[in-house]
Structures are given as structure tokens and as C-alpha cells.
Undergrad: 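Below is one structure. I have some questions about it.
We count ligands from 1, going down the list as the structure has it; atoms in each ligand are counted the same way. Numbers for residues simply follow the sequence, beginning at 1.
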Amino acid sequence: MAKSNFDINKLLSQMTLEEKVGQLIQLNSMFIGETTADITGPKEQLGVSDSMLAKIGSTLNFHSFAEVKALQDGHMEKDRLGIPLLFMMDVIHGYRTIFPIPLALGASFDPELVKDCTRMAAKEASAGGIHVTFTPMVDYVRDARWGRVMETCGEDPLVNSVMGAAQVEAFQGDDISDPENIATCVKHFAAYGGAEAGRDYNTVELSERLLRECYFPAYKACLDAGANMVMPSFNSLNGVPSIANKWLIQDVLKGEWGFDGIIISDYNAIGELLKHGIAQNAKDAALMAFENGCDIDMMSAGYCSSLCQLVEEGKVSEKKIDEAVLKVLELKRELGLFEDPYHGGSTEKEEALCLCPEHRAIALRAAEECAVLLKNNGTLPFSKDIKNIAIIGPFADSNAIKGFWACNGLDKECVSVAEGVKNLLPDAKITVAAGCSAEWNVCDKDGFAEAVEAARNADAVILCLGEPQNYSGEGNSRADLGLPGEQMALAREVLAVNKNAAAVLFNGRPLVLTELDEIAPAILDMFFPGSEGGNAAARLLFGEANPSGKVTMSFPKSVGQCPIYYNHPSTGRPKARPENVHQPYASSYIGCGNKALYPFGHGLSYSDFSYESLELDTDRMSADSEINVRVTVKNNGDRAGKEVVQLYMRDLCASAVRPVQSLIAFKKVDIGAGETVTVDFTITEEMLRFYNFRCEFISEPGDFEVSAGYADNLILTKKFTLE
Ligand code: BGC
């Protein structure tokens, strides 16, 4: 589609102040024409008159193109200048065809797969009339209690950055005027994932060094990839809520990083400045947010009730309003909305694309590649000749496996494990027994006897456990990370009668699986796999697919270890004793080891990989030179597989305490049965930089270690020197 040459400056010159302010207001689609909206109350309370409603610039959350079209048509009739609305939505892991949650996507360690999934989402969402997605969510995380870890790629800045940038590129394509592309909004800036004790919306206190080193890189990577918009986070950061935080928005985002795109508040975040005790009233809050550079107010009383008045009182200049409005109009122009307010969407396209076989195939591949085989004593893969299978547990035949933030995806369109096994093995005898509920407060063992009986009589048992999909996602923090309800009791009884068993898990966060790890012969984590979850699980369990995912967030042994992450700084008293032995006066727990049960980077395969060598072309480098690293990996098994080759670095002595390891590069490779592959990496001086005590991003001469392997299992290590 040709770039639009619509004259937005001319349009601006025709707009009244109220019309301009309207462009800076975003209201829920349910709100338009309704009298109430969740959380924020009646529209009268927001100070939204019908006249202002007719002038708003954008809206969010819809179910179909038909709904979008009705809203757009209705709006354009009412708006004096006929300015089209922007339609925004959270297209986080699919629009209608749902692929695995981002935490699982991270586990694929495959940015190309992420791009394939994202392209599919972009096509479906644009057909459905969406112009902007509130994606990527790249909040760096270390605490599994926080429910929104399901939306992130985990505890490593590099993985978060690579996956975030891949999403921006795939959603936006070369040009967002193309009807198959949509604009992106990176969120939540900043450090929303640092919520104290993992409780959502909780306060965040972090040093500038830590912010810059771990929390900022992924947001920056998304902006470098061209993200159109930024959404500041709900939390206060070092005392000031992000939307009003001058250092964050003005100094870092706009100043240092030069971001001049649209900043949109999170849902009622401007209104929440009152609850934070930062603003006295809605007018104060609006002034604070607007002065700080927030262009669009999502769902608060702030801009609609006060912005015009603030201009009239001379507290806000109309020039500043014009600048913000021009940004919004420019995005509309870039999307081609002045020529086609539906951006190429149509009901026909939407119906043809959503859940089409091609998209289901992508979702299936993604669910297979994102699953992580956490444990296997050789039980998996099961033989396809097994005739009598028991599928047990609350997730045995549950299609509630799409996960939170599944946009327009429906549970009934997801394939359950029982359905997947039936699809794969139509002739097998399959007995399904839920056994118990997955809810934390349901202590009902009535289904145990039937489940145990089914397990006893089966040749193989698939034990499907997990946490309900609404236990993670926004507002869903947990203080306990075990399998909720009676699931562990069920696992004990079932696994006592049949050892040819594997647990299959559904979860939106790392869980504490210490006991399950002891008693289950094999554990396959599907996270929330989306539309094709059950088919993927069946193919993985019976060896039609080979697991290749690696966790990107450490699974703690006990919730008391949280926050736990592989790239932790060195302490002055590291523990030297074996993992399960407490060491007084060392950094150590009584009754629990220090290490994660499944650390970052862990994940098994049916292939048998061995790391043969790690070679450096030189062991000395300078700021202008590089070191070429070659890692050789062999597949000793009789099955082709994929291995994520991970390269870690440790700075042995620096002017600030450095992490015990940092991932500096990774590559997922196919390795045929019996084959050996070499993977090449380059170490540059930039990879060795860190923030010193003055927050300068520097490298320091000295010795480093480079290793291949994963977090607690660095198989090969070599030393080198930066001169
Ligand atoms: C969430 C955002 C989301 C917005 C719009 C908020 O509650 O924090 O991530 O983009 O709602 O749905």
C-alpha cells in the first residue's frame, strides 16, 4: 500500500481544543455507549460527556471485525472531522489462534519461531480490525510469585531483548501501512517485574545500576527495533509512579534514548496517582502525567475532565497539546487510516485466517518447541504401541490451557491432552480421570479411587497437573508456588501404583516441584501451550516430536528462595559445602539448598548431546579486536534433535561486583542422529561491559571466563584476557 500523504497539519489547524484533547483520550470499547466500565466506574464520574465521547482518538478491546467496524462507522459519523479511531488491543500470544504464553516462547530460544508466531498474530489481528497491539511486554523478572511472569521471557536481559525485538519486527514488518502489519507498544516501562515480594502493582525499589543492567535493555532493544509506542508501568519506581517519574520518562526514555513516539498510560494509571498519594485530584494527576510526556490517557478521568481547563488556565500550553495530537495523527497517517479506517480488516479475512490449518500448524510447532522436558529417567518417550493409557489429573481432558492474555482465543478451541492422545493413537484404549480439582481451596479427594484404579490398570499413565490459567497473568500473584489443591496427594497415590508414568504440567510461572521431581519418573512442562496444546503434548510424550525447550526462569526448590535467578552477583561468603548441607556464616539456607531445582537454561531432550570442545582463536583481546569461539556439540543418540547452545561469561575481577555468570550469546541448532555440529560465536568488547558505580557503561581490562553449558552446569570453560 502506498504511503499516505494525508496532511495532518492541515487537519490539526481545523481542530478545536476539545477535539485535540479528544485525540489524547482512550476509552474501553464497552464504554462507548455504555454507562459503566469495570474499575473506573460510571462515565459521568470520569467526566466524559457525550460530546467528548464523540471526539476520542482511540479505544481498546474488541471481539471481532464486525464490532470494530460498527464502532468505527458510528464514531466517524459523530466526529465532526471524521477522524478515524485507533483500535488497540493486547495481542500477547495470538489473536484467535493461540500460541504458547511468552514465558514458554522464551523457552524455545528461537527468535525465528517467535517471529512466525507473531506474523500469524499480526495477520489475524489486522484482519480483525486491530491497529496497535500492547506488545511486547518485556518486563524483566526474578520472582515467580508475580503472576505476570507468564507475559515475559524471564530472568535474562539478552533473551528478553532478542525476543522483544523479534516481536516488534514481526508485528510491524517493513511498513505499518501494509494491512497485514500492526503497530506495537512496548511495556511496561519500567521495572514492573520488580514488584516487591512478587505482589502485583507493588512498589519497586531498585538501584540505577541494576535497572540499567537488567531491566532496561529489553525496552531499549524494542525501541531500537522501531516500536511505535511506550506504556509506562503502574508501579512506583524508587518513590515515584512511572507515569509521573521525570527521571524515567524525560531523562532516560526521551533524553538518553531519544524516544519521540507516543507514550500511553496504562489502564487508569493517571487516576491511580491519587491512590499513590502523589496527586491531590484528577486535575493534578492529569497535569503531572501530561507535563511528564504522557500523550494518551487510557481509561482515567484525568485528561477528559481537566486537560481543556488546564490549557484555558495557562497551565498547559496549547503548543504542547498540538505536539501530542500530531503524534497520534501521525500514527493514524502511517497506518493509512485516513484512506482506510479499517486498515484492510474484514470479516471474510478474519474468518478465513483465524484457526485456519496453516495457523494451527504454527501453533502446534510452537507448542512443541516451547515445552520443556524437566526430568526424564528414560520413561519418555512412551512407545506408540502402548494399548492401554490412563490420562489422569485436573488437566487430563481440560481445554482451559490457553493461558491468560489470550485475546480472542477460546478454551473450547484448544485441544486437551486426552483429545491429543486420541488424535495420535486412535486405536488405543484411553481412560480419563480428573482425580481432583486444580483450585487451591478445593480439598476434595472423592475422585482419587477412580484415578488410582485407572492408573493401576493402565500400561502407561499421563498425569496432567498444574495451576488454573487464571492463577497467573495480571493481578494474580501467589504466595505459595506448589501445585494447588490435592494434586500432590493425587500424584503420590497414582505414582505409587504405576511407574510407567509421566507428569505433564500446565502453568504460567515456575512452580515448586521438589516433591514431584522426586516421585515422578518424567516431567514435561507445557506451560500454557494454546490452541494446539494437547496435540503437542501427545506428540512429545510418544516421541513424534523431540523436546528442545530450556527454561528461561529458574524453578525454585522452595518459595523461600524467591527471588532466585542464575545471574546473581557474587557474594563475599559463597557457600562451599554440598548443595543440601547448610554452611553457617556462608550465604546459605538451613534445610534448603541455594540452587534452583531447574535453573535457567535447563531442559532435556530425547537425543543425547555431549559438549565436545570449546575453542577460542585467541585468549587475548582488546577493545578493537574480538575473540572467535567455536563450540562443538555431538548428538550421540539415535534421534535427531535440537540443542540450544548457550555461551556464558564471567568477569573475574572488576570495580563493581559482577554476576557469577551472564548469558552473552545463544543459538538453537538441529543436530542429526550421530552428527556433530560446530557453533561459532564472537566475543566483542561490548559484551564485556557493565555499569560501574558511576553508572558508566564500561569494560575494564582483566581476566574473564567463557563457558558453554547452562546455568549450574557449565560443561566447558576457558579463560581469556581483555587488555
Ligand atoms: C495492563 C496492560 C494492558 C492494559 C490494556 C492493563 O491492565 O496492565 O498490560 O495493556 O491493561 O488492556
Undergrad: Between V168 and V186, is a side chain to side chain contact (heavy atoms under 4.5 Å, CB included) present by the stated rule, with each step listed?
TA: CA-CA 8 Å; V168 172; V186 58; 5.8 Å; no

Undergrad: Quick one: table the atom pairs, ligand 1 N or O against protein N or O, below 3.5 Å, distance rounded to 0.1 Å.
TA:
unit_1, atom_1, unit_2, atom_2, d
ligand 1, 7 (O), E474, OE1, 2.7
ligand 1, 7 (O), E474, OE2, 3.0
ligand 1, 8 (O), R148, NH1, 2.8
ligand 1, 8 (O), D266, OD1, 3.4
ligand 1, 8 (O), D266, OD2, 2.6
ligand 1, 8 (O), E474, OE1, 3.4
ligand 1, 9 (O), R148, NH2, 2.8
ligand 1, 9 (O), K187, NZ, 2.9
ligand 1, 9 (O), H188, NE2, 2.6
ligand 1, 10 (O), D90, OD1, 2.6
ligand 1, 10 (O), K187, NZ, 3.1
ligand 1, 12 (O), D90, OD2, 2.5

Undergrad: Please check this pair: side chain of H93 against backbone of T118, looking for a donor-acceptor N/O pair closer than 3.5 Å.
TA: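 Flag not set: sc H93 to bb T118 has no pair under 3.5 Å.
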
Undergrad: Tell me every residue that passes salt bridge (charged side-chain N to carboxylate O under 4.0 Å, His left out) with E532, counting only those two or more places apart in sequence or in another chain.
TA: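 E532 satisfies salt bridge (charged side-chain N to carboxylate O under 4.0 Å, His left out) with R360 only.
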
Undergrad: So, T203 versus S236: side-chain donor-acceptor pair below 3.5 Å or not?
TA: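 There is such a pair (donor and acceptor under 3.5 Å, judged by atom type) between the side chains of T203 and S236.
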
Undergrad: Could you list the residues that satisfy salt bridge (charged side-chain N to carboxylate O under 4.0 Å, His left out) with K402, not counting sequence neighbours?
TA: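 For K402 the salt bridge (charged side-chain N to carboxylate O under 4.0 Å, His left out) partners, ignoring immediate neighbours, are D411.
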
Undergrad: Can you sort out the partners of R142 under salt bridge (charged side-chain N to carboxylate O under 4.0 Å, His left out), two or more places apart, ordered by chain and number?
TA: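 R142 satisfies salt bridge (charged side-chain N to carboxylate O under 4.0 Å, His left out) with no residue once adjacent residues are dropped.
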
